[in-house]
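Below is one structure, written out as structure tokens; the observations come after it.
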Amino acid sequence: MATQVAKKSLEAISKQEFINQILADYITAYKSRQTSLIGRKEVLTGKAKFGIFGDGKEVAQVAMARFMQNGDFRAGYYRDQTLMFALGLSDVQKFFAQLYAHPSIEAEPASAGRSMNGHFGTRMLDENGEWLPQTDRINVSSDISPTAGQMPRVLGLAFASKVYRENEALHKNTNFSDKGNEIAWGTIGNASTSEGHFWESINAAGVMQVPMLISIWDDEYGISVHAKHQTTKQNLSSILSGFKTDKYGQGIELFTVNGWDYPELINAYKKASEICREKHVPVVVHVTQLTQPQGHSTSGSHERDKSAERLAWEQEYDCVVKMRSWLLSIELCTEAEIEVLEKEALNDVKNQKKAAWTAFTAEIKEEISTAVSLIEPIDASLANGLASTIDPGRRNILKTIHAVLRNNIGNTAVTELKTFYTHYLAKYQDIYSSHLHSQSPKRALNIPEVKPEYAENGEELNGFEILQQNFDNLLSNHPEVIAFGEDVGKIGDVNQGFAGLQEKHGDTRVMDMGIRENTIVGQAIGASLRGLRPIAEIQYLDYLLYGVQMMSDDIATVQYRTKGGQKYPLIIRTRGHRLEGIWHSGSPLGMILNSVRGMNVLVPRDMTRAAGFYNTIIQSDEPALVIECLNGYRLKEKVPTNLCDFTVPVGIPEVLQEGNDVAIITYGSCIRIVQEALPMLAAKGISVELIDVQSLLPFDVNHSIVESLKKTNKVVFMDEDVKGGATAFMMQKVLEEQEGYKYLDSAPRTLTSQDHRPAYGTDGDYFSKSNAEELFDLVYGMMGEYNPEQFPGI
Ligand SMILES: Cc1ncc(C[n+]2csc(CCOP(=O)(O)OP(=O)(O)O)c2C)c(N)n1
Ligand SMILES: [Mg+2]
């Protein structure tokens, strides 16, 4: 029966071709298994630090690979080496290069040695950071480690197909999409489906009807924890069945198939991919009865976690063993023929492993010999120690030279060694630390400033109307721009920044989404990776936390973890600061800044500045979070005559008032609090220099704030975050990086909110957050310390 199914699904090809394809699949699976077995040994013998392998999941992956087409995307996890080999997107040598952490894009294109092994990805950008075509190849989005963290991204990748299919203006973008016919393939382990990300993504895919095809590799375990602790009824197919497509065609298609049954897997993936591609119906393929022959990873042994019966069953149902006996049972080839192929495959794995190790160590060996020759005349013993280190790394070189330099301070004989050390350290610091941001000409920092221009008696508009005009223009001028979020579509967001724009630009451009911040961020990620320019809205800053995990783990790391191989040019728009209540007023900037290094974090004080930032970011190839001031939408602002063309540069503060006595450094809605205190201070003869930081990441790239400190010699960092939050961040930047401490004649100060969340109501706000009177007292007190006669205590 099984044989007939396989033959039927492949009947279009000749018999020999058919045999060759199946044998090729088997050999890919076999090679992958040998890679896993040898890989584990490499770790246990100390040549690599940690190993996690795809053993036990091979056969499903060779079957899946058969139905992936150019233009398709994959987002998955660490078990997918066989898929990568089957697609020709990685090979055994590259796999070992990652295991050894070879820091080279050529040797290890997925992450240049930055990610643990099993974290896959293809290079999607050229050397200038521009997109390579995506429709002439299969694309693999870069893996992250948090379980189910791939799910919001795969949803976004599938969402992009829907956008491309439904918006005809984008059909010309043939490098990114063939009218939306691409499938986003996702893979996930059974235990990882316990995460909320999984269910949120599945539900959203069902609601939106996007071509997302998820394979669940079900081996009944998540490390040591059995399915009975993971999944209701211990049966994913059963609990997913409520999502099944109904008679109206809404829902998700579900396939359940055993992971050791090659012909049934072929059959399932054929049907699943056809439905998914043609009808844009999300599909789940639940691949059951998988095994984990070597346990979860090199960190433990599964013999400790599994019963003797389970271990025996795993041996019997090992998918590679099963496929082999199936091949023999249908007489596709003889045992002797298979043995020859297996022997060749094993040799190939060994040779590729060796080549990876040689390439990884050759450069280090050369560097060791240079270092030894420089150290020898100064300290023969340390030179010998370095020369005889087993499997030395660059760390050994640096530690040894540092010891020599320490022992020879002032000795001119070390000059050459010192130069070598400095260059060597700088070279490898860059190799390990580059690409936190885009390094392309389109990096946000490189987008030139175009100042706003104002007519003499120019009109004034409400803040939200300024945004609305600007978004209207962005949508008109950039067909790839899409905007979505809760209440963004029909009513144009809760503060009307997009009011009327769905009507004008259509519901494929301006869209309502369910209440699901995590996958809204995921949609932005996936869409941006496929050439769209998403503006994803998180309704209130307080709820950004639901999306921060994706921002921190995925968005902020993408350039770094691929060493410039992938990018997410997206905008996350939200509104915060200065409202009232525990969940409606927050400004948790310290938390955000410390979790999203790699993104731009922009805090405009009004909607004109916000519009300018949107205009800057849309020209750049970087991701940004823009936090608008919640209390600013109905304040009147003068409208620039070049509203849609002007830009506000990132990383450049603005001096809003010049003064000589104290510099106050703040941002966002706090600007208005300072402005309330300014007349009180002026009345006492205190001259304040008020600086709007505007852009927290990047922060004051030209070090202009220190210039203010040179004048005032006193500084206050103020905001409405907790103590030690963003004020501490700003203080470190100005006092340490800009060496502002040199110019101070009084202690630097911060003014922040209380450490609790702000209480509700006007009085709650007053007692919770920084206010004008507190600021007055603080600044007046600083002046009093300096000159008690002129500024006696109140
Ligand atoms: C958010 C998060 N929690 C915990 C972990 C540690 N962890 C890594 S893999 C794993 C088990 C995953 O099991 P499963 O999804 O079934 O995949 P399998 O390894 O069995 O293929 C855990 C708990 C993690 N990577 N991320
Ligand atoms: Mg599992």
Side-chain angles (χ1 to χ4, degrees), residues 32-33 36 39-40 49-61 64 74-84 115-120 142-154 186-202 214-232 234-237 239-240 256 258-260 284-302 304-306 310-311 313-314 317-319 518 521-522 545-554 557 561 595:
S32 177
R33 173 62 61 86
S36 300
R40 184 177 172 88
K49 281 212 132 166
F50 172 79
I52 192 155
F53 304 101
D55 47 312
K57 280 85 182 171
E58 294 91 343
V59 174
Q61 294 181 26
M64 171 174 157
R74 169 252 176 221
Y77 79 118
Y78 51 78
R79 297 282 180 222
D80 288 350
Q81 73 199 44
T82 316
L83 179 72
M84 295 299 291
S115 267
M116 263 179 186
N117 88 304
H119 287 63
F120 305 103
S142 159
D143 292 351
I144 60 177
S145 295
T147 45
Q150 68 274 35
M151 289 298 301
R153 180 171 0 105
V154 70
T187 66
I188 184 166
N190 58 299
S192 301
T193 67
S194 306
E195 299 278 11
H197 291 37
F198 175 78
W199 297 101
E200 188 174 316
S201 303
I202 290 286
I214 299 295
S215 295
I216 303 171
W217 306 143
D218 191 344
D219 57 13
E220 275 191 40
Y221 283 84
I223 310 186
S224 66
V225 181
H226 186 255
K228 69 181 174 207
H229 300 295
Q230 306 279 2
T231 305
T232 306
Q234 302 182 40
N235 187 336
L236 277 159
S237 288
I239 57 172
L240 280 164
T256 307
N258 288 328
W260 45 262
V284 172
V285 180
H286 179 201
V287 181
T288 54
Q289 301 203 0
L290 290 169
T291 68
Q292 214 154 244
Q294 303 189 107
H296 175 76
S297 70
T298 51
S299 307
S301 131
H302 66 147
R304 138 200 98 168
D305 313 319
K306 294 176 184 166
R310 170 77 195 184
L311 289 168
W313 179 87
E314 288 208 9
Y317 281 82
D318 182 313
C319 62
N518 177 285
V521 172
L545 264 172
Y546 280 34
V548 162
Q549 189 264 321
M550 295 315 300
M551 291 167 60
S552 182
D553 286 324
D554 200 349
T557 64
R561 74 180 192 264
S595 55

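Throughout, residue positions are numbered sequentially from 1 according to the sequence presented. For ligands, and for the atoms within them, numbers begin at 1 and follow the listed sequence.
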Output, in order, the C-alpha distance, side-chain angles, deciding distance and verdict of salt bridge (Lys or Arg N to Asp or Glu O under 4.0 Å) for R74 and D80. CA-CA 10 Å; R74 169 252 176 221; D80 288 350; 2.8 Å; yes
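Heavy-atom minimum distance, S201 versus H197: OG-O, 2.7 Å.
Restricting D219 to its N, O or S atoms, the one at the least distance from the Mg ion (ligand 2) is OD1.
Between the side chains of S215 and Q61, not a single donor N or O lies within less than 3.5 Å of an accepting N or O. Under the 3.5 Å distance criterion, with hydrogens and angles disregarded, a donor-acceptor pair is assigned to the side chains of T288 and N258.
A distance limit of 4.0 angstrom between heavy atoms and ligand 1 selects the residues Y77, Y78, R79, S145, P146, T147, G189, N190, A191, S192, E195, D219, Y221, G222, I223, Q292, H296.
When atom types are taken as modelled, the side chain of R40 and the backbone of S297 share a donor-acceptor pair closer than 3.5 angstrom. Although no hydrogens or angles enter the test, the distance criterion places a donor-acceptor pair under 3.5 Å between the side chain of S194 and the main chain of Q230.
N190 lies close to the Mg ion (ligand 2), since one of its N, O or S atoms is found at a distance under 2.8 Å. Taking 2.8 Å as the criterion, S192 does not count as a coordinating residue of the Mg ion (ligand 2), since none of its N, O or S atoms falls below it.
Taking the charged nitrogens against the carboxylate oxygens, R310 and D305 have no contact shorter than 4.0 Å, which rules out a salt bridge.
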